[in-house]
Amino acid sequence: MASFSLGLSLSRKKNVLRNAAVERKNLLTVCRLSVKTLIDRSCFETIDDSAPEFVNFASILEQVLSHRLKGQITWFGYESPRSFWDYIRVACSKVSHSCICSIENMENVSSSRAKGRAWIRVALMEKRLSEYIIAALRDYKTTRRFYDDGAIVLGEEANMLAGMLLGLNAIDFSFCLKGEGLDGNYPAVIDYTPYLKFTQSSDSISSDEEELRTLGSSGSESSTPENIGPPFIMDENSWYNKCKRVEQKYRLALEQKCYLEELVRLREAHFSESVSQNKLLLQRIEDIELNHKLEKEQLEYIIVELQDQLKRFHSLGPLSADASLSQISFDPGQSQDGNGKQGGSHLSEGKEDTPSLLGLCGSLTSVASYKSLTSLKSSEYLASPTTDMTSPGLTPSWT
């Protein structure tokens, strides 16, 4: 008995999974056929709200986006029905330049279902329906929060759906957002009859009427094998209709080819622009690295030169250091004099002045450095800026 109940539960589970798979397959197949009929209709006239192909497509898309959509839990624990617009409004909120806010603020559209239908029309007129669907599917966390397991948008069929809707970007739609199609009081109903019609193969010789006439004559009592006439020959009108259908298919394929070529050209232009920008950025990075390397080498050279000058300054005698400091600090105007040149050459010993050396001298002639030297040396060896220099070696020559 236990094994029987277990087998029964497994059978029910298999039936449920099969029914869900068949439902998803049917919706996707009908959606693909509706897209094809829309493209065929657009070759002859503009698609608007009155086109039956669009009405059917909008119903199918609404059914696809509402497949296994979770209800909204109320405060009392009950589950109220929810429209797919609640999911689209959240999942597509981050799309740049989206129409979500505009539809949300529409005055003549109040219900959630009507807003969803208005979004379908606006997205088709903007040629961005596929973009919205792709952006919503990428937000897997939000999609998982709004849909149950087994939904179309949670399966692998979701990518197929986005690919189907991409072909609608080649169609020019014209809708009125105040019509009866936005009424959210009635559910969307799919008309399957346009997709259940039998299409005769072009290889068939006899027409549908001839086959029906043959079947009817074979069922009558007066029909005999002698009454069978010659094989049916297609008339001029049948050939004309077939040629017209072939021409229509060729025109449609040509338009799709031109659209895809234009799309590829735009993608290639965008790719080449990205490559050129990448090259410019790499070149800029190389230039910045080279400049940093040169600046680093210059700074290292200045540091080494300053260290050498500092060592040479410390290697001088106390009196020579004090004399050089006094000559630099209090007699800068005597550089053109003979004694000034002699003092400068005594400090640098034949080396040319460099920016690093001038900086070193400037740091040594500061007040803090001067005070530190005066604290180390005796005051009788240092030249006072307020008194006359009495040392023979430090007295400037005025003759």
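All values reported here derive from a predicted model rather than from experimental measurement.
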Cluster link V64 to L69, ILVMFWY, side chain under 4.5 Å: yes
Residues in ring pair (Phe, Tyr, Trp, His ring centres under 6.0 Å) contact with F54, at least two apart in sequence or another chain: F175
Same apolar cluster: W85 and I134, side chain cutoff 4.5 Å: no
Contact summary for H67 and Y147, nearest pair of heavy atoms: O-CD2, 3.3 Å
Basic-acidic side-chain contact under 4.0 Å: E247, R251: yes
ILVMFWY network linking I88 to V95, side-chain heavy atoms under 4.5 angstrom: yes
Linked, directly or transitively: L196 and I190 (ILVMFWY side chains, under 4.5 Å): yes
Shortest non-hydrogen contact from C92 toward I100: O-CG1, 3.8 Å
Distance (rounded to the nearest 0.5 Å) between I60 CD1 and D191 CG: 9.0 Å
Polar side chain donor-acceptor pair, T142 to Y87, under 3.5 angstrom: no
Nearest-0.5 Å distance, CZ of residue R89 to NZ of residue K115: 8.0 Å
Side-chain heavy-atom pair Q309, R312 within 4.5 angstrom cut-off: yes
Backbone of I47 reached by a side-chain donor or acceptor of S42 within 3.5 Å: no
R128 to S96 - nearest heavy-atom pair and separation: NH2-O, 2.9 Å
Student check: side-chain heavy atoms of L252 and C43 closer than 4.5 Å: yes
Contacts of K244 that satisfy salt bridge (Lys or Arg N to Asp or Glu O under 4.0 Å) - sequence neighbours left out: none
Ion pair R265/E262, N-O distance below 4.0 Å: yes
Other residues, nucleotides, ligands: >12 heavy atoms within 6.0 Å of E261 CD: yes
Side-chain donor or acceptor of N108 paired with backbone N/O of L177 under 3.5 Å: yes
Check: W119/E104 side-chain N/O donor and acceptor closer than 3.5 Å: no
Q63: partners by side-chain hydrogen bond (donor to acceptor under 3.5 Å, both in side chains), with sequence neighbours left out: none
Heavy-atom side-chain proximity of F84 to V153 below 4.5 angstrom: no
Side-chain cluster (under 4.5 Å, hydrophobic types only) that F271 belongs to, other residues: V275
Donor-acceptor contact below 3.5 Å, side chain Y132 vs main chain C99: yes
Test item: R68 side-chain N/O and D149 main-chain N/O as donor-acceptor pair under 3.5 Å: yes
Spacing of K94 atom NZ and R138 atom CZ [to the nearest 0.5 Å]: 13.0 Å
Enumerate, atom names and distances included, each donor-acceptor pair closer than 3.5 Å involving a side-chain atom of residues 25-40, sequence neighbours excluded.
unit_1	atom_1	unit_2	atom_2	d
N26	ND2	V22	O	3.2
T29	OG1	K25	O	2.7
S34	OG	V30	O	3.3
S34	OG	C31	O	2.7
T37	OG1	L33	O	3.3
T37	OG1	S34	O	2.6

Residue pair A51 / R41: nearest heavy atoms and the distance that separates them: CB-NH1, 4.3 Å
Pairwise distance CG(L310) to CD(Q307) - rounded to 0.5 angstrom: 8.0 Å
Sidechain-backbone polar pair: N56 side chain, P52 backbone, donor-acceptor under 3.5 Å: no
L266 side chain reached by H270 side chain, heavy atoms, under 4.5 Å: no
Give every donor-acceptor pair under 3.5 Å between a side-chain atom in residues 161-174 and any protein atom, sequence neighbours left out.
unit_1	atom_1	unit_2	atom_2	d
N169	ND2	L166	O	3.4
D172	OD1	K127	NZ	2.8

Candidates I103, L129, D49 - the one meeting side chain to side chain contact (heavy atoms under 4.5 Å, CB included) with R121: D49
Same apolar cluster: Y140 and I152, side chain cutoff 4.5 Å: yes
Heavy-atom closest pair, residues E62 and A188: OE1-CB, 3.5 Å
Distance, nearest 0.5 Å, that separates CZ of R24 from CE of M160: 11.5 Å
Interatomic distance, R267 atom CZ to L260 atom CG [nearest 0.5 angstrom]: 11.0 Å
